[in-house]
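One structure is given here, and the rest of the page talks about it.
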Amino acid sequence: MLGSPFEITVVAKDTAEANQFEDMAIIEVKRIENVISDWIPTTPVSEINRNSGKQAVKVPQELIELIERSIKISKLTEGAFDISYASMDKIWKFDGSMVAMPSAEAIKQSVAKVGYQKIIIDKDKQTIMLKEEGMKLGLGGIGQGYIADKLKELLISKGCVSGLVNVSGDISTWGKQPNGEQWKVGIINPMNKNKIFATFPLEDTAVETSGSYEKYVIFNGKRYSHIIDTRTGYPATGLISVSIFAKTTELADALATGVFVLGKDIGMDLVNQLPGIGCIMVDEEGKISSSKKIDLKKYSHE
């Protein structure tokens, strides 16, 4: 679903009840997908993209609120997270076909249409407009987290006391495992994939990991990740993995991208200023660091 692996675990009194919960969850995912997807042509987001630079589009309130929250995170991360990234020209290739770096001019041009400041919201009319023709919204970087949160909310409201949703690595939990233990998440160092270096209990918490250890290119000894800084058009450098812990998966999802792009020092500085947010980073050398609120020693296996 959403073009990604999707997993849901529920704790219920019997299989029939569990199946009911899971069916409800799948219906809800499809409902949201038909609001926020930019590759299903009939969704409000696709409609906004088709009308960029032309006219405003009336959309559901739910979408207005999600886009407003996206813009808040753009402001917080100074544009390192930006849902208007979808108009970016894909000039960096990570499939081995790229033999030289794109030119500085091509890189600059590739992000010319990106800019959350050009998303116009009219709350009274309930419309959204993209200022420039060719602009596009893509909610991939926040939408999966949003879906995980909505599923948790829906299932709790229907009486499901415990569960775990995993949308392509965006993990949200509530309640306890059947044996009474907390849900746990293991974090790997991408430099040593077979080994979990720390295991964290998740108590009504969400976690999301952004990584570039599978897709990257190296030019002149410098490693360029597949996560592009849309402010410059250049790939993010310095980190290979960022895990964010937060109360909502949506926030964890968007911040993980933003922090990855901001880089080790600025990213960690931002996390340390945000209440209720934790972060673990792995840099290119394989060095692990964590934000102030996370006691790595306590959960580490090393």
Side-chain angles (χ1 to χ4, degrees), residues 4-5 73-74 77-83 85-112 114 138 140-142 144 168-170 185-198 207-245 252-272 278-291 294 296 300 302:
S4 311
I73 296 168
S74 292
T77 60
E78 294 177 351
F81 170 82
D82 192 329
I83 55 169
Y85 78 91
S87 65
M88 188 174 62
D89 293 331
K90 309 270 189 291
I91 57 171
W92 296 85
K93 306 274 188 281
F94 298 93
D95 54 6
S97 65
M98 192 164 72
V99 289
M101 261 175 82
S103 71
E105 185 50 35
I107 291 169
K108 193 176 146 201
Q109 278 306 309
S110 72
V111 290
V114 179
I142 193 167
Q144 293 176 330
S168 184
D170 286 274
V185 62
I187 296 189
I188 56 165
N189 182 338
M191 297 290 200
N192 180 1
K193 280 224 179 90
N194 309 328
K195 198 165 140 226
I196 291 175
F197 70 78
V207 63
E208 146 71 10
T209 299
S210 259
S212 72
Y213 37 92
E214 275 153 14
K215 291 190 208 153
Y216 59 90
V217 287
I218 293 174
F219 289 122
N220 311 326
K222 191 167 174 145
R223 191 174 181 285
Y224 294 95
S225 81
H226 77 282
I227 297 173
I228 308 279
D229 182 346
T230 52
R231 300 170 301 177
T232 62
Y234 283 85
T237 58
L239 293 171
I240 55 173
S241 165
V242 169
S243 298
I244 296 274
F245 293 83
D253 195 1
L255 274 179
T257 309
V259 167
F260 194 99
V261 167
L262 288 170
K264 194 172 179 174
D265 299 335
I266 299 172
M268 198 62 99
D269 193 42
L270 173 65
V271 169
N272 282 326
C279 176
I280 294 172
M281 296 177 176
V282 183
D283 68 16
E284 289 175 350
E285 329 281 72
K287 188 172 171 292
I288 298 159
S289 44
S290 65
S291 58
I294 289 182
L296 252 188
S300 176
E302 318 219 308

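In this text, all values refer to a predicted model and were calculated from it rather than measured experimentally. Residue indices begin at 1 and follow the sequence shown.
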Report summary line: When every non-hydrogen atom of Leu262 is compared with those of Thr77, the smallest separation belongs to CD2-O, 3.6 Å

Query - Side chain proximity check, Met281 to Val259, heavy atoms < 4.5 angstrom - result: yes

Report summary line: Heavy atoms of Ile107 and Ser110 approach each other most closely as O-OG, 2.6 Å

Report task. Decide yes or no for Pro235 and His226: does some side-chain heavy atom of the first lie under 4.5 Å from some side-chain heavy atom of the second? Result -> no

**Report entry** Minimum heavy-atom distance Gly186-Ile196, with the two atoms named
**Finding:** CA-CG2, 3.7 Å

Query - Glu208 to Gly169 - nearest heavy-atom pair and separation - result: OE1-O, 3.5 Å

Report summary line: The reported gap from CG in Leu255 to SG in Cys279 (rounded to nearest 0.5 angstrom) is 9.0 Å

Query - Any residue meeting side chain to side chain donor-acceptor pair (under 3.5 Å) with Ser225, in chain and number order, not counting sequence neighbours - result: none

Query raised in the report: Quick one: does Ser74's side chain have a donor or acceptor within less than 3.5 Å of a partner on Phe81's backbone?
Result: yes

Query raised in the report: Tell me the salt bridge (Lys or Arg N to Asp or Glu O under 4.0 Å) pairs involving residues 224-244, sequence neighbours left out?
Result: Asp229-Arg231

**Report entry** Counterpart residues, ring-ring contact (aromatic ring centres under 6.0 Å, His included), relative to Tyr234 (two or more places apart)
**Finding:** none

Query - OG1-NZ distance between Thr237 and Lys222, expressed to the nearest 0.5 angstrom - result: 4.0 Å

Requested in this report: With sequence neighbours left out, write down each residue that passes side chain to side chain donor-acceptor pair (under 3.5 Å) with Asp283, or none if nothing qualifies.
Outcome: Lys264

Report summary line: Sorted by chain and number, sequence neighbours left out, ring-ring contact (aromatic ring centres under 6.0 Å, His included) with Phe245 holds for Phe200

Query raised in the report: CD1/Ile91 to OG/Ser103 distance, rounded to the nearest 0.5 angstrom?
Result: 7.0 Å

Report summary line: dist Tyr85:OH -> Ile227:CD1 (nearest 0.5 Å) comes out at 11.5 Å

Requested in this report: Begin with the C-alpha distance, continue with both residues' side-chain angles, and end with the deciding distance and a verdict on side chain to side chain contact (heavy atoms under 4.5 Å, CB included) for Phe197 and Lys195.
Outcome: CA-CA 6 Å; Phe197 70 78; Lys195 198 165 140 226; 5.8 Å; no

Report summary line: Rounded to the nearest 0.5 angstrom, the CG-OG1 distance for Asp170 and Thr209 is 9.0 Å

Query raised in the report: Met191: what forms a side-chain contact (heavy atoms from CB on, under 4.5 Å) with it, not counting sequence neighbours?
Result: Asn189, Ile240

Requested in this report: Would you name the heavy atoms of Thr257 and Gly141 that are closest together and state the gap between them?
Outcome: OG1-O, 4.5 Å

Query raised in the report: Does Ser290 have any side-chain contact (heavy atoms from CB on, under 4.5 Å) partners at least two apart in sequence or in another chain, and if so, which?
Result: Ile280, Ile294, Leu296

Report summary line: Taking every heavy atom of Val242 against every heavy atom of Ala256, the minimum-distance pair comes out as CG1-O, 4.0 Å

Query raised in the report: Among all residues two or more places apart in sequence or in another chain, which pass the side chain to side chain donor-acceptor pair (under 3.5 Å) test with Asp253?
Result: none

Requested in this report: Can you run down the side-chain hydrogen bond (donor to acceptor under 3.5 Å, both in side chains) pairs that involve residues 87-101, sequence neighbours left out, and say none if there aren't any?
Outcome: Asp95-Ser97

